[in-house]
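Here is how names work: the chains are called A, B, and so on, in the same order as the sequence lines, proteins then strands, and each is numbered from 1.
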Number of protein chains: 2
Amino acid sequence: MRKESSTNLENEVQINASCGMAYTLDLIGGRWKPTILWRLLDYGSLRYNKLRKSMPNVSERILILQLRELENDGLISRKIYPEVPPRVEYKLTELGWKLEPVLRLLSDWGDANRPIGY
Amino acid sequence: MRKESSTNLENEVQINASCGMAYTLDLIGGRWKPTILWRLLDYGSLRYNKLRKSMPNVSERILILQLRELENDGLISRKIYPEVPPRVEYKLTELGWKLEPVLRLLSDWGDANRPIGY
DNA sequence: CTCATTACTTACATTTATGTTAGTACTATA
DNA sequence: TATAGTACTAACATAAATGTAAGTAATGAG
């Protein structure tokens with residue numbers, strides 16, 4: 001959990017409010033968020049388990065955390081089917097799809113400029 | 001300082017190596033890096049003191065840390081003039097300038113999609 | 001009754017990022 | 001001798017992000 005007040009948090013809030021770049025980076029900047037977003041761009045829609053199995057190194061807790069943050073920020077949606085065993089499907093929202101060109105540019109830049117042998 | 005080995009670090013390394021998006025985000029993702037890069041896009045070249053005064057909320061230590069990381073990652077250069085009092089000028093490298101379209105897209109997206117009243 | 005399946009949650013532990021405060025070296029100028 | 005100016009560094013402290021291991025609810029199949 002975050003503290004209710006700290007210089008750290010105040011700085012974050014202030015920067016995000018005044019700098020579009022920082023705001024965008026804050027939305028997509030978690031350790032596993034790029035991977036999640038990329039999968040959803042690829043598959044369109046994914047069940048939790050399939051997503052998880054496509055990311056062998058995340059722990060469940062962290063994966064859920066990142067999914068919740070993306071959901072709270074309006075980038076992905078979570079649809080629960082009332083079945084047993086449960087079924088939950090994740091997909092990009094309209095806002096999430098608006099990110100596509102941004103994500104592709106970030107991806108292309110990284111692939112083009114990552115040092116050789118990195 | 002970072003540990004030499006930890007799951008955290010291993011995950012970071014592995015993701016950055018396999019995902020261009022994550023790699024790019026890692027380069028520009030510090031708290032004050034967007035602001036620094038934006039200033040340098042704007043001014044072309046900036047002395048340390050002028051940069052600092054344009055960012056009243058960073059502490060010196062953190063500003064220097066972020067500058068060093070950007071320098072180590074090859075995005076900015078640091079030129080020392082052998083004068084007293086000292087003079088140090090920061091500017092974007094060629095690689096740094098290549099980021100310009102990425103930064104502008106991130107900025108535009110954030111400004112366009114940040115919730116009202118945020 | 002037992003077990004498998006799915007999408008989680010809980011309690012705990014560690015690592016990493018960020019922030020605070022004070023101090024330094026060097027010289028020119030007053 | 002004292003002070004100002006610049007670009008830092010050092011020692012310390014806190015906040016936030018990430019990771020580990022185990023457990024849970026619900027139900028159908030065997």
Side-chain angles (χ1 to χ4, degrees), chain A residues 1-16 22 25-36 45-71 76 78-90, chain B residues 1-16 22 25-36 45-71 76 78-90:
Chain A
M1 285 296 269
R2 312 202 55 166
K3 300 217 28 178
E4 287 184 21
S5 101
S6 67
T7 305
N8 191 323
L9 179 57
E10 282 163 26
N11 283 340
E12 180 185 325
V13 167
Q14 196 267 317
I15 291 176
N16 285 356
L25 287 170
D26 209 42
L27 294 192
I28 63 182
R31 168 71 40 89
W32 304 95
K33 287 181 186 177
T35 310
I36 294 170
S45 174
L46 268 180
R47 289 186 68 162
Y48 172 76
N49 241 10
K50 190 164 178 189
L51 178 61
R52 182 169 64 85
K53 282 170 185 160
S54 80
M55 301 170 61
N57 297 316
V58 214
S59 66
E60 301 229 28
R61 181 178 119 80
I62 300 297
L63 179 55
I64 293 281
L65 269 181
Q66 304 263 306
L67 286 169
R68 291 291 182 276
E69 288 182 14
L70 289 168
E71 192 191 356
I76 69 175
R78 176 167 171 269
K79 180 163 185 185
I80 306 170
Y81 294 82
E83 303 173 1
V84 170
R87 179 154 69 104
V88 175
E89 298 249 357
Y90 290 93
Chain B
M1 287 300 266
R2 311 201 56 165
K3 298 217 29 176
E4 286 185 22
S5 101
S6 68
T7 304
N8 190 324
L9 179 57
E10 283 164 25
N11 283 339
E12 180 185 324
V13 167
Q14 197 266 319
I15 291 177
N16 285 356
L25 287 170
D26 210 42
L27 294 192
I28 63 182
R31 168 69 42 86
W32 304 95
K33 287 181 186 176
T35 309
I36 294 171
S45 174
L46 267 180
R47 291 186 66 163
Y48 172 76
N49 241 9
K50 190 165 177 188
L51 177 61
R52 182 170 65 83
K53 281 172 185 160
S54 81
M55 302 172 60
N57 297 316
V58 215
S59 66
E60 301 228 27
R61 182 178 117 80
I62 300 298
L63 178 56
I64 293 282
L65 270 181
Q66 304 263 306
L67 286 168
R68 291 291 182 278
E69 289 182 14
L70 289 168
E71 192 190 356
I76 69 174
R78 176 168 173 269
K79 180 162 186 188
I80 306 171
Y81 294 83
E83 303 174 0
V84 171
R87 178 153 70 105
V88 175
E89 298 248 357
Y90 290 94

Any B:Arg68 side-chain N or O less than 4.0 Å from OP1/OP2 of D:dT9:
yes
Restricting both atoms to N or O, compile the protein contacts to nucleotides 25-30 of chain C shorter than 3.5 Å, with distance only.
none

Is there a side-chain polar atom (N or O) of A:Asn8 under 4.0 Å from OP1 or OP2 of C:dA17?
no
Minimum heavy-atom separation for B:Asp26 to B:Lys33, with atom names?
O-NZ, 4.2 Å
Quick check on D:dT14: is either OP1 or OP2 less than 4.0 Å from any side-chain nitrogen or oxygen of A:Ser6?
no
Under 4.0 angstrom between A:Gln66 side-chain N/O and D:dA17 OP1 or OP2
no
Side chain of A:Arg31 (C-beta onward), nearest among D:dG19, C:dC8, C:dT16:
D:dG19
Take atom CD of A:Glu83 and atom P of D:dA29, then tell me their distance rounded to the nearest Å.
13 Å
Short side-chain N/O contact from B:Tyr48 to OP1 or OP2 of D:dT9, under 4.0 Å
no
Heavy atoms under 4.0 Å, any strand shown: does B:Tyr81 hit a base, just sugar-phosphate, or nothing?
nothing
For A:Asn11, side-chain hydrogen bond (donor to acceptor under 3.5 Å, both in side chains) partners two or more places apart
none
Which comes earlier along DNA chain D counting from the 5' end, the contact point of A:Gly29 or that of B:Tyr90, where each point is its nearest nucleotide?
B:Tyr90
Residues in side-chain hydrogen bond (donor to acceptor under 3.5 Å, both in side chains) contact with B:Ser59, at least two apart in sequence or another chain:
none
note: B:Arg78, atom CZ; D:dC8, atom C1'; distance rounded to Å ~ 8 Å
For C:dT15, does OP1 or OP2 lie under 4.0 Å from any side-chain N or O of B:Thr7?
no
Would you say the side chain of B:Arg78 lies within less than 4.5 Å of the side chain of B:Val88, judging by non-hydrogen atoms?
yes
At a heavy-atom distance below 4.0 Å, what parts of residues 50-65 of chain A sit against DNA chain C?
A:Glu60, A:Arg61, A:Ile64
Answer whether the closest heavy-atom distance between the side chains of A:Glu10 and B:Asn57 falls below 4.5 Å.
no
Tell me, do A:Ile28 and A:Pro34 make a side-chain contact under 4.5 Å, heavy atoms counted?
no
All salt bridge (Lys or Arg N to Asp or Glu O under 4.0 Å) counterparts of B:Arg87, not counting sequence neighbours:
B:Glu83, B:Glu89
Hey, are the side chains of B:Ile15 and A:Trp32 touching, using non-hydrogen atoms and a 4.5 Å cut-off?
yes
Tell me the salt bridge (charged side-chain N to carboxylate O under 4.0 Å, His left out) pairs involving residues 48-58 of chain A, sequence neighbours left out?
A:Arg52-A:Glu60
